[in-house]
Amino acid sequence: MNTPILVTGGTGTIGRHVVPLLRAAGADVRVLSRHPRASADGVEHVAGDTVKGEGLDAALTGVETVLHLAGGAKGDDVAARNLVAAAREAGVRHLVLISVVGADRMPIGYFRMKHAAEQEIAGGGIPFSILRVAQLHDFVLPVVRTMARMPLAPAPRGLRFEPVAVEEVAARLAAITLAEPAGLVPDLAGPEVLDVADMIRVYSATQGRTRRLMRFGIPGAVGRAYREGRNLADAAAVRGTMTWQAFLDANATAAASAQPRPNAEARVSTSGR
Ligand SMILES: NC(=O)c1ccc[n+]([C@@H]2O[C@H](COP(=O)([O-])OP(=O)(O)OC[C@H]3O[C@@H](n4cnc5c(N)ncnc54)[C@H](OP(=O)(O)O)[C@@H]3O)[C@@H](O)[C@H]2O)c1
């Protein structure tokens with residue numbers, strides 16, 4: 001019998017794509033979230049809270065591999081510490097963490113929290129893999145859409161993204177989870193580095209509109225970090241293949257109606273120090 005792979009946050013945007021890949025590879029999967037679903041199709045759902053440290057011992061029973069995806073705007077560092085402590089007790093042999101590109105370089109609270117979470121995992125005494133991922137297309141979409149709806153679309157100078165497809169992120173995470181621990185692996189980003197102005201223009205064109213842009217500089221250390229591209233992956237990064245245009249074409253309905261998700265602003269924030 002397989003020992004189950006524990007996927008924290010397996011009900012989230014990325015988790016929903018990873019879990020079926022792990023199942024297809026023959027793994028039993030246990031998903032932990034605060035609001036679990038009924039167990040079905042080889043996927044067991046359990047309740048727990050990584051930030052509060054609740055339910056972790058039970059979730060980790062008999063588990064050798066953990067894919068830690070659960071995250072939010074706050075507390076990911078605390079969650080990582082709680083998970084490491086419980087995983088060490090449970091004898092986990094491979095702890096996989098998703099992080100964000102630029103975690104070690106961007107002077108923004110969200111990135112600092114992600115870096116602190118990485119340090120908890122890397123220093124926890126359990127063999128680990130950490131993958132830093134750029135923003136998902138469908139994560140950037142609500143932000144660009146909101147900007148593009150304004151008569152004069154705000155487009156900070158030097159603000160660039162390299163959005164990546166959730167399917168490509170899920171495939172890489174599944175492969176890393178099923179392989180041996182590899183430490184900090186090359187970043188994963190999309191195929192293009194796009195100025196936010198171009199993202200707004202391309203988005204507006206798919207909606208049959210043109211938009212006038214208001215360019216301005218983001219002040220201070222945060223603005224400098226974005227202009228220097230410290231939120232962007234380096235030359236060693238693995239690149240996905242789905243472009244922004246291809247994503248918008250494939251998701252035309254969602255593109256027209258997507259609502260910002262609660263943590264979106266935190267992750268693409270230009271403030272929040
Ligand atoms: N989306 C991106 O562009 C992107 C880019 C790079 C890195 N990441 C990172 O990838 C991870 C997953 O992102 P996502 O977009 O899939 O997030 P998401 O859609 O917001 O899903 C978050 C998941 O975590 C669970 N969760 C949140 N807080 C929890 C807690 N305290 N205890 C237990 N479970 C909790 C949620 O389930 P419940 O609400 O039911 O608990 C949900 O399953 C996050 O760590 C995020 O920072 C995301």
Side-chain angles (χ1 to χ4, degrees), residues 6-19 29-38 43 45-56 58-60 66-83 86 95-104 106 108-118 120-121 130-144 161-170 172-174 176-177 185 187-190 231-233 237-238 240 242 244 247 258-269 272:
L6 178 66
V7 182
T8 74
T11 57
T13 308
I14 296 171
R16 283 197 300 272
H17 285 82
V18 181
V19 167
V29 177
R30 185 180 295 160
V31 166
L32 176 133
S33 71
R34 293 164 301 181
H35 312 101
R37 279 80 168 150
V43 180
H45 286 264
V46 297
D49 189 317
T50 52
V51 177
K52 292 180 180 167
E54 293 170 358
L56 298 182
L60 285 160
V66 178
L67 172 56
H68 181 39
L69 302 175
K74 287 183 182 168
D76 287 3
D77 46 352
V78 176
R81 192 178 316 139
N82 290 337
L83 185 63
L95 189 44
V96 182
L97 174 72
I98 185 170
S99 184
V100 64
V101 172
D104 56 336
M106 286 299 289
I108 290 179
Y110 174 75
F111 289 81
R112 289 196 180 113
M113 173 184 77
K114 289 307 223 186
H115 192 222
E118 291 181 0
E120 295 288 347
I121 300 290
I130 296 174
L131 174 66
R132 292 177 179 157
V133 174
Q135 273 83 26
L136 301 180
H137 287 126
D138 67 346
F139 189 85
V140 181
L141 172 61
V143 180
V144 169
F161 295 109
E162 41 194 359
V164 62
V166 66
E167 295 85 355
E168 293 175 324
V169 173
R172 181 103 186 279
L173 282 169
I176 290 168
T177 302
V185 303
D187 294 355
L188 176 59
N231 64 317
L232 302 176
V238 173
M242 182 176 263
W244 177 236
F247 166 77
Q259 295 298 319
R261 290 194 291 130
N263 299 329
E265 287 72 21
R267 289 180 199 161
V268 297
S269 171

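As a basis for the values below, the full set of heavy atoms in this structure was taken, side chains included, without hydrogen atoms, waters or symmetry mates. Note that ligands are numbered from 1 as they come in the structure, with each ligand's atoms numbered from 1 the same way.
Remark: ligand 1 atoms within the under-4.0 Å shell around heavy atoms of G48 are 32 (N), 33 (C). For ligand 1, the atoms lying closer than 4.0 Å to a non-hydrogen atom of S99 are 6 (C), 7 (C). Those atoms of ligand 1 that come under 4.0 Å of a heavy atom in Q135, given as number and element, are 3 (O). Residue contact check: T11 has heavy atoms under 4.0 Å from atoms 37 (O), 42 (C), 43 (O) of ligand 1. Remark: ligand 1 atoms within the under-4.0 Å shell around heavy atoms of Y110 are 46 (C), 47 (O). Listed by number with element, the atoms of ligand 1 under 4.0 Å from a non-hydrogen atom of G12 are 16 (O), 19 (O), 21 (O), 42 (C), 43 (O).
From E168, atom CD reaches atom CG of L173 across 12.0 Å, with rounding to the nearest 0.5 Å. The distance from the CG atom of D49 to the NE2 atom of H35 is 9.0 Å, given to the nearest 0.5 Å.
Under the 3.5 Å distance criterion, the side-chain polar atoms of E162 are matched with a main-chain donor or acceptor of A233. When atom types are taken as modelled, the side chain of N231 and the backbone of G102 share no donor-acceptor pair closer than 3.5 angstrom. No donor-acceptor pair under 3.5 Å is formed between the side chain of H45 and the backbone N or O of T11.
Considering backbone and side-chain N/O of L69, one or more are found under 3.5 Å from N/O of ligand 1. Checking only distances, L136 does come within under 3.5 Å of ligand 1, N or O to N or O. Checked by distance only, ligand 1 and R37 stay at 3.5 Å or farther apart across all their nitrogen or oxygen atoms.
Pairing each heavy atom of V19 with each of G10, the nearest pair is CG2-O, 3.9 Å. Here the shortest heavy-atom pairing between H115 and D104 reads NE2-CB, 3.7 Å.
Here atom 13 (O) of ligand 1 lies nearest to I14 when heavy atoms of I14, L188, T8, V7 are compared.
Proximity of A134 to ligand 1, defined as any heavy-atom pair under 4.0 Å, is confined to the backbone N, CA, C and O atoms. Contact annotation for K52 and ligand 1: no heavy atom of the residue comes within less than 4.0 Å of the ligand.
Between V7 and L69 there is a side-chain heavy-atom pair separated by less than 4.5 Å.
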